[in-house]
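Below: one structure, written as structure tokens.
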There are 4 protein chains.
Amino acid sequence: MTTDQVPGSWRHYDDAALSTPLAAALDLFAERGYEGASIREIAARAGLSVPGLYHHYPSKQALLIGLTRVVMADLLARSRRALDEAGPTPREQFDAVVESLLRFHMVRREQAFVASTEMRSMEPDARDEYVALRDEQQRMLDDVVREGVRAGDFRTPYPEDASRAVTTMCVAVASWYRPDGPLSPDELVERYLAIARGAVGAV
Amino acid sequence: MTTDQVPGSWRHYDDAALSTPLAAALDLFAERGYEGASIREIAARAGLSVPGLYHHYPSKQALLIGLTRVVMADLLARSRRALDEAGPTPREQFDAVVESLLRFHMVRREQAFVASTEMRSMEPDARDEYVALRDEQQRMLDDVVREGVRAGDFRTPYPEDASRAVTTMCVAVASWYRPDGPLSPDELVERYLAIARGAVGAV
Amino acid sequence: MTTDQVPGSWRHYDDAALSTPLAAALDLFAERGYEGASIREIAARAGLSVPGLYHHYPSKQALLIGLTRVVMADLLARSRRALDEAGPTPREQFDAVVESLLRFHMVRREQAFVASTEMRSMEPDARDEYVALRDEQQRMLDDVVREGVRAGDFRTPYPEDASRAVTTMCVAVASWYRPDGPLSPDELVERYLAIARGAVGAV
Amino acid sequence: MTTDQVPGSWRHYDDAALSTPLAAALDLFAERGYEGASIREIAARAGLSVPGLYHHYPSKQALLIGLTRVVMADLLARSRRALDEAGPTPREQFDAVVESLLRFHMVRREQAFVASTEMRSMEPDARDEYVALRDEQQRMLDDVVREGVRAGDFRTPYPEDASRAVTTMCVAVASWYRPDGPLSPDELVERYLAIARGAVGAV
DNA sequence: AATGAATGAGCTTTCATTCAT
DNA sequence: CATGAATGAAAGCTCATTCAT
């Protein structure tokens, strides 16, 4: 068994990740975008009245911000845990971060998609916060790749660019992967790991 | 000089690609999204009255559709020309398609970004048409990679997945590349070509 | 005293028949027609903001439909009560239905006029419903006239046509009668009853 | 043969009564009302461009006014000719005017309906003119009925009211008669003449 | 927290009309 | 007369948000 689906593992996902209003907002932001989603619809899907929704979240912005915060916190926590639990070699660490990215963008597809496309609808402060977290995530892989190159495990002459390329191809999984498609998560992880290793010139 | 900026070349880009209303719509769709952009603002930015805008495009949808049609036609035409003009080896053909993708997503950043994120706001027919063109673009690279594997030039055991990964990492360039950043287009092409070749296991 | 203005009687009319928005809509539909009346004006006359009006009626159509429903329900209820309370002879029953028609179209002039002229602006379902009620009203008089002919009280060789002619001439009262004109309601009832009896050949 | 369909007779109707733009306007005013009809649609149905339509009629009002003028002139001319050609007795004259009203409202259904319902959309001057012509038409029947009562041919105690009642029931024919219905024009004339005579108490 | 009522501002779209060509 | 382009004004409707209950 390659993936341990134990609760608490960074590989384990269950449904209860979002509050009801955030889950409703996520659905509608994904379907119609932030601007295209109406508070009334969100409230209805959350099973709340409009003022009831405002009791929990003081504005539409607050829903978007709350959503992206949960998303990024979840992603970062999983990647960090994956890295912590990985072996000491750059290759093992690379695999761990890439796999965590892949699994997250397969399972939390909509959340990842909404957070990245609706960045433009965030108030400046919230956007800055989001970008900082995204950069932090990027830096985790940058560091691993740089160390791999230093150690001679990766041969790419462009470690930073390769790291970014790998990140973006993992992130893009969110926009085409379908859980009912031909690829199981484990298969996709296996294949994309091979491809990502090629991208950084793993020996 | 590695890139020939001769008009007519698939590497050459000039400004006059969009009608005034489409250019205005592009700007605003990029800034605020399709739903967040208002016809009034688009008309104002196009230097037209609102009915004046409607004289040229009968609806907001028509602007989005017109925009994505131009985008995809342009991208496909460039990739096809690049492929036609490339040498006969898989490696040369691979480089040609990847480079055309990269340059397009560096220069036509906003157009590519809007077309892909606002897919969800398109009427079903227009979306289908868009997806079909996108798939055609994807298939161009798929064919080259498959042939490269057959010929022994590429060693990836997952040609289709590698092709998709390469495409998505090129497409993602649109969402982070800045023309005033540290990388010139030629530099980025050089680096990403190296990375992409690694992803397909070019020998 | 020929007419008993007792509340509850089919001869009694007071002002409180319509909700504020419906009353405002009635005024403006009567003045300018359904298409010529604007929601903004209706809201203003109702003392509401536009969204305030929409809170009570979800569309302009809903105002028209609500209005015609009230009109037809009121008319039918009055005619039925008039018929119920009338004596057993065809002549008495004829007089009762005709008088109820006359009074309604004198007092509820605008409502009756709007309902009939704006039929064309109703959605098919609502129009069908309206026509059905109007036909029901027509049939009430048809039945009385037919029975009168059978009993020998009316001599017209064309009972159905006479019934329709009488109905339409009563309905038309709405388009020319003025409460501040020379004829009191009671006088008009007396005169038109005489004329209507002639139309069906009452002996 | 009761009706002579000879061209020039007040009983004869052909299609060429309206100019193309007026015919188009009539259609659309009948379907959607004056306010609901758009100049663009009228132009399209008339086979003209919008400026082409404006070349013939300087405004939407001008179409409505032109239309009602033709309608009333036609109706009045026919009724006058009918009266001129009728025999000397009140009864013959009554029948002639009533028949002319009936035929007009059967054949020129839409025109009569539009003229009467769209009165409210006419500019004051044009409305006054229209009302004057309508009153003139009414007076023709009033005179005949009054003379009939004086001569002892009609027994109604309310000659003016009876005359109006008869006129309105003839006018109302426009709103329910269908040429493809069960009644031929000649049959309807026969029946309504009987009913109208009853209304005025013809001996 | 739910409900009903409310609102200023804004939306996309259409209107009748004009004018240069 | 047709065409193409244009426009100020207004249309019906919806938005996020608030507040008294």
Side-chain angles (χ1 to χ4, degrees), chain A residues 20-21 25 32 34-44 46-64 121, chain B residues 20-21 25 32 34-44 46-64 121, chain C residues 20-21 25 32 34-44 46-64 121, chain D residues 20-21 25 32 34-44 46-64 121:
Chain A
T20 319
R32 304 203 232 297
Y34 177 76
E35 298 279 355
S38 94
I39 283 276
R40 265 169 180 68
E41 283 176 304
I42 295 171
L48 290 171
S49 66
V50 169
L53 175 59
Y54 272 93
H55 181 79
H56 297 286
Y57 293 86
S59 69
K60 200 179 167 185
Q61 262 293 307
L63 287 166
L64 179 58
S121 298
Chain B
T20 318
R32 305 204 228 297
Y34 177 78
E35 298 277 357
S38 93
I39 283 278
R40 278 189 243 277
E41 284 176 304
I42 296 171
L48 290 172
S49 66
V50 168
L53 175 59
Y54 271 90
H55 182 76
H56 298 285
Y57 293 86
S59 69
K60 201 179 169 185
Q61 263 291 308
L63 287 167
L64 179 58
S121 298
Chain C
T20 318
R32 304 203 229 297
Y34 177 77
E35 298 277 357
S38 94
I39 284 277
R40 277 188 238 281
E41 283 176 303
I42 295 171
L48 290 171
S49 66
V50 168
L53 175 59
Y54 272 92
H55 182 76
H56 298 284
Y57 294 86
S59 69
K60 200 179 169 186
Q61 264 290 309
L63 286 166
L64 179 57
S121 298
Chain D
T20 319
R32 304 202 232 296
Y34 176 77
E35 299 278 357
S38 94
I39 283 276
R40 265 169 179 68
E41 283 176 304
I42 295 171
L48 290 171
S49 68
V50 169
L53 176 59
Y54 272 93
H55 181 79
H56 297 286
Y57 294 87
S59 70
K60 201 178 166 186
Q61 263 292 310
L63 286 166
L64 179 58
S121 298

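Residue numbers start from 1 in every chain, and the chains themselves are labelled A, B, ... in the order their sequence lines are given, proteins ahead of strands.
If you measure from atom OH of A/Tyr54 to atom P of F/dA16, you get 7 Å, rounded to the nearest angstrom. Following rounding to the nearest Å, B/Leu63 (CG) and E/dT12 (P) show an atom-to-atom distance of 11 Å. We find that CD1 of B/Ile39 is positioned 10 Å from P of E/dC11, with the value rounded to whole Å. Rounded to a whole Å, the CG atom of B/Leu48 is 10 Å from the C1' atom of F/dA5. Rounded to an integer number of Å, the gap from C/Ile42 CD1 to F/dA10 C1' is 14 Å. For the pair C/Tyr57 OH and F/dC13 C1', the computed distance is 18 Å after rounding to whole Å. Here E/dT13 presents its P atom at 19 Å from CD of C/Glu35, a figure rounded to the nearest Å. The interatomic distance linking C/Leu64 (CG) with F/dG12 (C1') rounds to 15 Å, in whole Å.
Of the two residues contacting DNA chain E, namely D/Lys60 and C/Leu53, the nearest-nucleotide position lying further toward the 5' end is that of C/Leu53. Residues C/Ala37 and B/Gly52 both approach DNA chain F. Their nearest nucleotides, taken by heavy-atom distance, put B/Gly52 toward the 5′ side. Both C/Gln61 and B/Pro51 sit near DNA chain F, but only B/Pro51 has its closest nucleotide nearer the 5' end.
Of all the heavy atoms in B/Tyr57 and B/Ala62, the pair that sits closest is CD2-O, 4.1 Å. In this structure, D/Arg32 and C/Glu35 approach most closely via the heavy-atom pair O-CG, 3.7 Å. Summarising the geometry of B/Pro21 relative to B/Ala46, their closest heavy-atom pair is CA-CB, 4.0 Å, with the distance given to 0.1 Å.
Here the side chains of B/Gln61 and B/Tyr34 are in contact, with some heavy-atom distance below 4.5 Å. Taking 4.5 Å as the limit, some side-chain heavy atom of B/Leu48 sits within range of a side-chain heavy atom of B/His56.
When distances run from any side-chain atom of C/Ser49 to the nucleotides E/dA1, F/dA2, E/dG8, the shortest one goes to E/dG8.
Summarising the geometry, atom CD1 belonging to B/Ile42 is positioned 6.5 Å from atom OG belonging to B/Ser38; distances are rounded to the nearest 0.5 Å. Distance check, rounded to the nearest 0.5 Å: NE2 of C/His55 to CG of C/Leu53 gives 11.0 Å.
Remark: B/His56 is in phosphate contact with F/dA6, judged by side-chain N or O atoms under 4.0 Å from OP1 or OP2. In terms of phosphate contacts, B/His55 brings a side-chain nitrogen or oxygen within less than 4.0 Å of OP1 or OP2 of F/dA5. Here B/Ser38 reaches the OP1 or OP2 of E/dC11: one of its side-chain N or O atoms lies under 4.0 Å away.
With hydrogens and angles left out, the side chain of C/Arg40 and the base of F/dA11 share a donor-acceptor pair within 3.5 Å.
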| task | Any chance you could encode DNA chain F as dot-bracket? Rule is Watson-Crick or G-U wobble with both distances under 3.5 Å; [ ] for pairs crossing earlier ones, | for another strand. | result | .||||||||||||||||||||
